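Read the structure below first, then the notes.
Predicted model, so just to flag it, every value in this text is computed and none were measured.
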Amino acid sequence: MSMILSASVVRVRDGLPLSASTDYDQSTGMQECRKYFKMLSKKLSQLPDRCTLKTGQYNINFISSLGVSYMMLCTENYPSVLAFCFLDELQKEFITTYNMMKTNTAVRPYCFIEFDNFIQRTKQRYNNTRSLSTKMNLADMQTEIKLRPPYQISVSELGSANGFAHISVVEYKGTGKISAGKFQTCGFVSLNG
């Protein structure tokens, strides 16, 4: 069964978790994915604004905007267009609900935990696709994903040595993958191309 398993809202500059859905699955695969969530959270400022990490039976998708990233974990067969529509909906609600000044000055993790109520309701809606009534939004997102597909992160790109990323995004132009030949041991990345 394809479904969204969990979601979180993270500040891009430092990886501070602002809100997250409560999930009860303690399987080994889910534990591993939580590690990937944390690793990605620390590298958000070095990554493009729309990405997917495929981890075997699960995918982690995220979008970033205005210094905040919206991340979600779903089964590998969950449709990409639905995943990014879900994230887009979280983003719109979060921006509408919270002042960006508050998110920029937050000092403790999960200080917007009440946003979990919205995450849970939205997750439920997207997990029951028969009741999903965002057909127009789906068409728009499908077009957007075709024009600008999410960057595919590999698990090896999350690896680090001495805390420095092995990614160089200098040649990133909005689509495709970073080739293995572009890896470096410098922790500095330019997105200006």
Side-chain angles (χ1 to χ4, degrees), residues 3-75 78 83-127 150-151 153-155 157-167 169 187-189 191:
M3 63 189 302
I4 296 171
L5 302 167
S6 67
S8 63
V9 180
V10 178
R11 189 165 57 198
V12 171
R13 79 169 185 261
D14 57 5
L16 180 76
L18 301 172
S19 187
S21 61
T22 49
D23 41 286
Y24 304 101
D25 190 340
Q26 297 297 320
S27 68
T28 307
M30 286 289 286
Q31 295 289 346
E32 189 71 22
C33 286
R34 281 190 194 94
K35 289 179 190 172
Y36 292 139
F37 256 71
K38 285 182 183 177
M39 292 169 78
L40 279 170
S41 293
K42 300 295 181 203
K43 297 179 185 235
L44 288 168
S45 63
Q46 302 170 6
L47 295 168
D49 65 345
R50 181 188 298 153
C51 297
T52 298
L53 171 67
K54 296 179 186 251
T55 66
Q57 60 185 9
Y58 303 108
N59 289 345
I60 297 173
N61 300 291
F62 70 86
I63 60 173
S64 299
S65 177
L66 302 172
V68 178
S69 187
Y70 307 87
M71 306 174 76
M72 55 98 72
L73 174 68
C74 60
T75 54
Y78 194 79
F84 286 100
C85 279
F86 170 78
L87 292 170
D88 191 52
E89 201 167 320
L90 292 187
Q91 175 186 10
K92 286 176 181 168
E93 182 67 18
F94 194 83
I95 289 170
T96 303
T97 306
Y98 300 104
N99 177 325
M100 286 294 111
M101 184 66 151
K102 283 179 77 173
T103 61
N104 289 332
T105 57
V107 291
R108 62 181 173 75
Y110 305 105
C111 57
F112 302 105
I113 197 64
E114 68 278 0
F115 191 69
D116 175 40
N117 293 331
F118 180 80
I119 293 173
Q120 294 294 0
R121 283 193 314 271
T122 309
K123 188 170 85 168
Q124 254 180 340
R125 250 184 41 250
Y126 276 82
N127 281 342
Y151 173 75
I153 301 170
S154 70
V155 173
E157 287 178 76
L158 290 180
S160 63
N162 301 327
F164 292 106
H166 287 266
I167 305 174
V169 190
F188 302 101
V189 178
L191 293 174

Practice problem: May I ask you to test the Y78-N127 pair for a side-chain heavy-atom distance under 4.5 Å? | Solution: yes

Quiz item: Are any non-hydrogen side-chain atoms of M72 and F84 less than 4.5 angstrom apart?
Solution: no

Self-check item: Pairs satisfying side-chain hydrogen bond (donor to acceptor under 3.5 Å, both in side chains), at least one member in residues 109-118, at least two apart
Solution: Y98-E114, D116-Q120

Quiz item: Which residue pairs pass the side-chain hydrogen bond (donor to acceptor under 3.5 Å, both in side chains) test with at least one member in residues 57-70, sequence neighbours excluded?
Solution: T52-N61, S64-S69, S65-Q91

Quiz item: How many angstroms lie between OG1 in T55 and NZ in K35, if you round to the nearest 0.5 Å?
Solution: 12.5 Å

Quiz item: What are the two closest non-hydrogen atoms of F62 and L44, and how far apart are they?
Solution: CE1-CD2, 3.5 Å

Exercise. Kindly write out the residues that satisfy side-chain contact (heavy atoms from CB on, under 4.5 Å) with K102, not counting sequence neighbours, or none if the list is empty.
Key: N99, F112

Quiz prompt | CG-CD distance between D88 and E93, expressed to the nearest 0.5 angstrom | solution = 12.0 Å

Quiz item: Are the side chains of R34 and S6 in touch, meaning some heavy atoms are under 4.5 Å apart?
Solution: no

Contacts table for residues 10-17: side-chain donor-acceptor under 3.5 angstrom, sequence neighbours left out:
from: R11; atom 1: NE; to: D14; atom 2: OD1; distance (Å): 3.1
from: R11; atom 1: NE; to: D14; atom 2: OD2; distance (Å): 3.4
from: R11; atom 1: NH1; to: T103; atom 2: O; distance (Å): 2.9
from: R11; atom 1: NH1; to: N104; atom 2: O; distance (Å): 3.2
from: R11; atom 1: NH1; to: A106; atom 2: O; distance (Å): 2.8
from: R11; atom 1: NH2; to: D14; atom 2: OD2; distance (Å): 2.7
from: R11; atom 1: NH2; to: A106; atom 2: O; distance (Å): 3.1
from: R13; atom 1: NH1; to: N104; atom 2: O; distance (Å): 3.2
from: R13; atom 1: NH2; to: N104; atom 2: O; distance (Å): 2.9
from: D14; atom 1: OD1; to: L16; atom 2: N; distance (Å): 3.1

Quiz prompt | Spacing of L87 atom CG and I4 atom CD1 [to the nearest 0.5 Å] | solution = 7.5 Å

Practice problem: For F86, check ring-ring contact (aromatic ring centres under 6.0 Å, His included) against everything at least two apart and list the hits. | Solution: Y126

Exercise. Evaluate the side-chain proximity of L47 to L40: yes if any heavy-atom separation is below 4.5 Å, no if none is.
Key: yes

Quiz item: Does E157 reach the side chain of L53, with side-chain heavy atoms less than 4.5 Å apart?
Solution: no

Practice problem: Hey, could you give me the NZ/OG1 distance between K92 and T97, rounded to the nearest 0.5 Å? | Solution: 13.5 Å

Practice problem: Mind checking the CD-OG spacing from Q124 to S21? Nearest 0.5 Å is all I need. | Solution: 11.5 Å

Quiz item: For the residue pair E89 and F118, what are the closest heavy atoms and their distance?
Solution: O-CE2, 3.9 Å

Quiz item: Is there side-chain contact between M30 and L5, with heavy atoms separated by less than 4.5 Å?
Solution: yes

